[in-house]
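Note sheet for the following structure.
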Amino acid sequence: MRKGISRAVCACALLVGLGMAGTSAVVAADESIMDVNSPDAMKSLLEQQVGKRVKVKLCSGQDVEGKVAKVGSHAVQLTELVGMELFDATVKLNDVAAVIVRARSK
């Protein structure tokens, strides 16, 4: 269990680092900086993305892409799933290995 959480925090830190490295000061000013050392780093990241489209990489290797509707203490609800628009998904936060977000446009 700790290995999974550690892997998720590392993946989150990498994604946030890569996302912040290429963004302009305007984008960085709009988004609050999160503490990647926090045990709730993945939850905090997903809370910042409510209403936006994200791709969630699960520990099993499967991807789930959709719009973040709600983030709870143990799970996240995704709506408008890509390829399954009529379906919603609820994913346990412990099963999330990485969250991939669009950081910039062309």
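Worth saying up front: this structure is predicted, and the values here are computed from it rather than measured. Along the sequence shown, residues carry numbers from 1.
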Between Ile100 and Asp63, is there a side-chain heavy-atom distance shorter than 4.5 Å?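 No, side chains not in contact.
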Could you pull out every donor-acceptor pair under 3.5 Å between side chains of residues 73-83 and any protein atom, sequence neighbours left out?
unit_1, atom_1, unit_2, atom_2, d
Thr79, OG1, Lys67, O, 3.4

Which atom pair, heavy atoms only, marks the closest approach of Ala69 to Val50?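 Closest pair (atom of Ala69, atom of Val50, distance): O-CG1, 3.7 Å.
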Apply the side chain to side chain contact (heavy atoms under 4.5 Å, CB included) test between Val71 and each candidate in Glu47, Gln48, Met42; give the one that qualifies.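 Exactly one candidate clears the test, Glu47.
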To the nearest 0.5 Å, what is the distance between CG (Asp40) and CG (Leu46)?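 Answer for the CG-CG pair, Asp40 versus Leu46, is 11.5 Å.
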